[in-house]
Amino acid sequence: MCTMYCPRPVVDTYNERLDITRAPHIDYAQAIPSSYYIDAKACLRVNYQTCNLCAQTCTAGAIDFTQKPKELELEVGAVVLAPGFGRVDEKVLEKFGYGRFPDVLTSFEFERLTCASGPTEGHIVRISDQKTPKKIAFLQCIGSRDETCGNGYCSSVCCMYAIKEASVAKEHEPDLDISIFFMDVRTMGKGFDDARRRAQEKYGINVIRARVPRVDQVDGKLALTWTTGDGEHHSALFDMVVLSVGLESPKDADIISKVADIELNQYNFCRTSVDAPLVSSRQGVLVAGAFQGPKDIPESVTQASGAAAIASELLADARNTQTITVTYPDEDKALEEEEPRIGVFVCHCGVNIAGVVDVKAVRDYAGTLPGVVLYEDTLYSCSQDALKSIAEKIKENRLNRVVISACSPRTHEPLFQETLRSIGLNPALVEMANIRDQCAWVHAQEPEKATEKAKDLVRMAVAKARLLSPLEQPTVDVTPSALVIGGGAAGMSAALSIADQGYKVTLVEKNRQLGGNLKRLTWTLDGQDAAKVLKDMVKKVKGHKNIEILTNAEVESVSGYVGNFTSTVSQGGKTKMINHGVIVLATGGREYKPKGYAYGDSNRVLTQLELEEKLARGKGFLRNAKNVVMIQCVGSRGDDMTHCSRLCCTQAVKNALKLKEVKPDINIYVFYRDMRTYGFYEDLYREARKAGVKFIRYTPDRKPEVIKQSRGIKVRAFDELIGEDIEIPANLVVLSTGIAPGDNEELSKIIKAPLTSDGFFLEAHAKLRPVEVAVDGVYLCGLAHGPKSLEESVAQAKAAAAKATIPLAKGKVAVAPIVSKVNQDICIGCGICESLCPFSAITLQKVGKRKKAQTITASCKGCGICAAHCPTIAISMGGFTDEAIMAQIHAFSPDGCEEA
Amino acid sequence: MAKSGAILVLGGGVAGVQTALDLSELGYYVYLVEKKASIGGVMAQLDKTFPTNDCAL
């Protein structure tokens with residue numbers, strides 16, 4: 001109402017200024033908190049003491065103009081800074097036509113155009129004439145890798161989002177012709193190269209390696225000119241140009257720095273170091289996300305958990321001193337056992353449902369169904385007021401079954417379950433009918449049929465609800481200790497964090513010494529002495545009272561489930577049993593051993609790590625060296641390993657600079673495919689170019705060759721710019737060999753943690769659960785997860801430690817109530833269920849003389865495979881009993897309802 | 001002086017929200033401070049996410 005009556009239009013910033021809204025508004029329907037707010041800068045009442053229309057029309061009386069800003073003083077033990085990133089200044093965008101030509105958009109604006117919730121409901125149209133464009137160009141590195149605007153760094157995310165936006169656009173408009181102009185394609189994240197290749201193949205997106213200097217307008221079209229690596233000039237007209245703008249430090253970084261008393265780096269991001277990437281210059285002030293440096297969602301989420309771990313280390317003594325415990329009333333078992341008294345609440349979801357489905361008709365129909373004693377409609381069932389009112393109505397009418405006819409149980413069921421719990425009803429007594437996604441959204445063009453279908457779904461849900469029964473909410477105690485597998489940088493960091501948070505850790509390392517790959521590193525990427533970083537870490541681990549170290553040791557078996565694992569570890573022929581609540585996988589990776597390139601045939605051919613080890617011993621070996629050739633992507637992005645190893649570009653640049661430092665007149669040639677010096681590492685790349693290191697691009701079909709001669713070696717390669725082969729006599733050839741997975745297969749089987757096709761452990765969700773694996777209670781960090789830098793390994797280890805400590809700190813784990821249950825009277829002990837269960841959550845046990853299946857409820861994920869395959873139908877699933885599902889299916893036909 | 005068991009998280013984007021969730025699960029009280037009217041940050045403006053094309057909301 002307030003938005004409707006407000007006379008004051010304002011630009012819609014949520015939609016990147018592509019739409020207008022009114023002074024009082026909500027950014028988007030699912031916004032949290034889900035209340036409207038007033039843009040004080042635009043409001044007539046606030047600025048001119050006139051109008052007041054919104055306050056008068058608000059039926060809830062929720063607008064109060066007498067509110068004043070309040071200043072709060074909060075006492076806290078730690079601060080985590082996560083202010084995100086700022087936008088590139090529009091001045092930088094002007095030379096690319098932004099602001100002058102309407103069809104030049106930023107990538108943020110284009111994202112809104114691709115969004116169903118955006119200003120055009122997902123239609124890609126030109127701003128100038130509202131017509132669908134035919135040819136779109138994406139220009140990369142706008143406001144990134146560009147010293148002229150002060151942003152010398154790479155923003156690390158634009159290559160990915162450009163490919164995504166282009167793919168989504170092609171899904172919406174398959175005839176679009178899309179070209180992306182890259183300098184280098186930097187898809188260096190886990191699985192990103194594969195996704196890029198799939199997008200290129202599936203959608204036919206043109207990849208052009210060139211930097212477009214400017215955008216002009218010709219006859220209503222946008223003219224681009226560019227030069228490719230072979231020196232050729234090109235030009236073409238496009239209907240739309242999308243500027244892939246980079247991420248800057250937040251606009252108020254200086255204020256944050258002053259208020260929090262922390263140091264910033266040269267680009268105004270928070271200053272941190274490689275060995276402590278989440279710690280600011282001030283004790284107790286931590287940082288996570290893009291403010292620490294431009295980064296994508298999984299890394300931000302990882303850093304966020306990592307920062308939580310560090311805060312938890314600092315404040316371990318004060319754990320649970322200020323938290324509030326929610327208590328629930330006892331369940332009203334008598335009411336639950338009475339004849340079903342069902343209440344049906346049909347949600348409008350604003351216009352989301354009510355715009356298509358006749359909500360009132362569905363509500364009245366629900367009233368005719370057997371067992372329904374209350375039927376109502378609500379504007380937003382999930383709003384706090386509505387939940388309160390639903391709870392009151394359940395109590396008033398002594399309801400013992402509830403049907404919410406609204407949206408998806410995946411997102412909203414917990415909310416309604418919580419409502420039932422709060423008034424003493426078992427949470428399993430609520431059933432949802434998804435009339436938003438399955439009716440209003442998919443049948444938006446056919447409102448009458450959508451309404452009929454909504455009635456069907458409500459009838460079926462009511463039929464099922466009549467047969468719902470309360471489920472137990474079991475919890476199991478947790479053994480308050482962790483097993484960390486792998487004693488490299490990641491494993492040690494994780495072990496230290498869990499130990500500092502107050503829990504016992506057993507650290508298992510298969511080698512004689514702790515340290516893993518860090519032992520072979522000489523300098524960190526920020527120039528620190530790697531050996532010192534390692535020494536400090538080992539010293540802390542060895543001296544920690546909560547950490548037991550087992551070296552020369554390997555994990556042989558793991559049994560149990562989250563909270564109660566038992567593992568056997570073999571050490572020097574002896575085996576040891578360890579009880580623990582959680583597992584952290586930090587098994588590391590290894591340097592890929594190259595094939596070909598005369599590696600092993602000539603002592604002049606080294607890997608980057610071998611070069612680093614040599615350099616650490618002194619520069620004597622360079623005495624007569626004139627030419628050094630480095631070759632990138634040896635192993636990576638190829639036939640042996642398809643993944644990008646993420647690090648090698650930066651490592652090569654780091655070592656090239658080191659060579660130049662100890663021997664300035666040396667010539668260095670780097671053959672590369674895409675230089676992936678992401679983030680602030682771009683500075684090193686630029687520095688290397690300035691120091692005279694020559695970078696020459698090659699394509700995978702014309703790889704450089706290393707040729708052994710009677711005296712010495714030479715490298716032959718195709719130079720795109722001059723269009724012919726060149727030969728370089730090399731004193732040293734350094735192969736950037738990449739990171740191969742460790743021997744993970746065995747452990748993967750023991751723990752039942754799946755691997756990716758590249759052989760690294762697979763996380764539970766690429767974006768939102770980057771350090772968890774599919775098995776509850778098992779967490780992941782370091783090279784075991786995929787190639788990454790020391791800095792990233794440390795941050796990820798902290799994140800794994802945060803996640804691993806959660807069950808330990810809680811002391812109990814709740815078991816999901818939807819688990820399988822075996823009726824042992826009917827079970828014939830055939831073992832089909834045991835062999836099929838993907839989670840080892842069902843076992844055969846001797847009961848009397850016969851074997852019977854038994855569910856390990858703490859491991860059960862409720863997938864139902866066992867129940868579906870049981871030949872005697874002895875297994876039922878909590879919340880989804882055969883009777884209830886059959887009743888729901890019968891109710892699909894209106895006549896079936898009566899008999900159910 | 002006894003340490004405070006409360007933590008201030010500045011910023012309600014995906015990083016701030018994740019930090020706050022983890023800290024509350026670890027047994028700490030969290031003040032989540034966001035400049036805008038709703039949390040979610042830039043991620044709430046995204047349609048899909050790379051590389052899985054999952055819905056960002």
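Proteins come first, then strands; the chains are lettered A, B, ... in the order of their sequence lines, and each starts at number 1. Model, not experiment: these values are computed from the prediction. Excluded from the calculations below are hydrogen atoms, water molecules and symmetry mates; all remaining heavy atoms, backbone and side chain alike, are included.
- Taken to the nearest 0.5 Å, the OG1 atom of A/T114 stands 9.0 Å off from the CG atom of B/L46.
- In this structure, the side chains of A/L286 and B/T19 stay at 4.5 Å or more apart for every pair of heavy atoms.
- Interface remark: A/D193 contributes no atoms to any contact with chain B (heavy atom separation under 4.5 Å).
- Heavy atoms closer than 4.5 Å to chain B are found in the backbone of A/T13, but not in its side chain.
- Ranking A/D317, A/I324, A/I32 against chain B, the residue ahead of the rest is A/I32, based on heavy-atom pairs under 4.5 Å.
- The shortest heavy-atom contact between B/A15 and A/G289 is CB-CA, 3.9 Å.
- Looking at B/Y31, only its side chain comes within 4.5 Å of chain A, counting heavy atoms on both sides.
- Interface remark: A/A809 contributes side-chain atoms only to the contact with chain B (heavy atom separation under 4.5 Å).
- Top candidate by heavy-atom pairs under 4.5 Å with chain B, chosen from A/G84, A/A31, A/P33, is A/P33.
- Among A/S305, A/A288, A/G284, the residue with the largest count of heavy-atom pairs under 4.5 Å with chain B is A/S305.
- Contact of A/R112 with chain B is made through the side chain alone, with heavy-atom distances under 4.5 Å.
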Show your working on side chain to side chain contact (heavy atoms under 4.5 Å, CB included) between B/L10 and A/V80 and close with a plain yes or no. CA-CA 6 Å; B/L10 179 74; A/V80 180; over 6 Å; no
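- Residue B/V30: no heavy atom, backbone or side chain, is found under 4.5 Å from chain A.
- Your options are A/L72, A/N15, A/V79, A/L808, and the one with the most heavy-atom pairs under 4.5 Å with chain B is A/V79.
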Test B/K36 against A/D27 for salt bridge (Lys or Arg N to Asp or Glu O under 4.0 Å), laying out the working first. CA-CA 10 Å; B/K36 291 200 171 152; A/D27 285 340; over 6 Å; no
Please lay out, stage by stage, how B/L8 and A/L74 fare under the test side chain to side chain contact (heavy atoms under 4.5 Å, CB included). CA-CA 8 Å; B/L8 181 121; A/L74 307 174; 3.8 Å; yes
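- Of the N and O atoms on the side chains of B/Q45 and A/E16, at least one donor lies less than 3.5 Å from an acceptor on the other residue.
- Closest heavy-atom contact between A/A304 and B/Q18: CB-CB, 3.6 Å.
- Contact of A/I256 with chain B is made through the side chain alone, with heavy-atom distances under 4.5 Å.
- Most heavy-atom pairs under 4.5 Å with chain A: of the set B/V14, B/L21, B/V17, B/I39, this distinction falls to B/I39.
- Residue B/Y29 places its OH atom among 12 or fewer non-hydrogen atoms of other residues, nucleotides or ligands, all under 6.0 Å distant.
- Remark: side-chain polar atoms of B/K3 are not paired, donor with acceptor, to backbone N or O of A/V76 under 3.5 angstrom.
- Across every non-hydrogen atom of A/A308 and B/D22, the tightest pair is CB-CB, 3.7 Å.
- A 6.0 Å sphere centred on NZ of A/K251 holds more than 12 heavy atoms belonging to other residues, nucleotides or ligands.
- Within the 4.5 angstrom heavy-atom criterion, no atom of A/E299 approaches chain B.
- Crowding of A/R197 atom CZ: a count of heavy atoms from other residues, nucleotides or ligands under 6.0 Å exceeding 12.
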Full working for side chain to side chain contact (heavy atoms under 4.5 Å, CB included) between B/S38 and A/Y14: CA-CA 11 Å; B/S38 54; A/Y14 174 73; over 6 Å; no
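- A/F108 touches chain B through its side chain: at least one heavy atom from C-beta onward sits under 4.5 Å away, while N, CA, C and O do not.
- Interface remark: A/F85 contributes side-chain atoms only to the contact with chain B (heavy atom separation under 4.5 Å).
- Annotation: maximal heavy-atom pairing with chain B below 4.5 Å, among A/T187, A/V301, A/L315, A/I26, occurs at A/L315.
- Between the B/Y28 side chain and the A/S312 main chain, a donor and an acceptor come within less than 3.5 Å of each other.
- We find the OG1-CG distance between A/T805 and B/L26 to be 6.5 Å, quoted to the nearest 0.5 Å.
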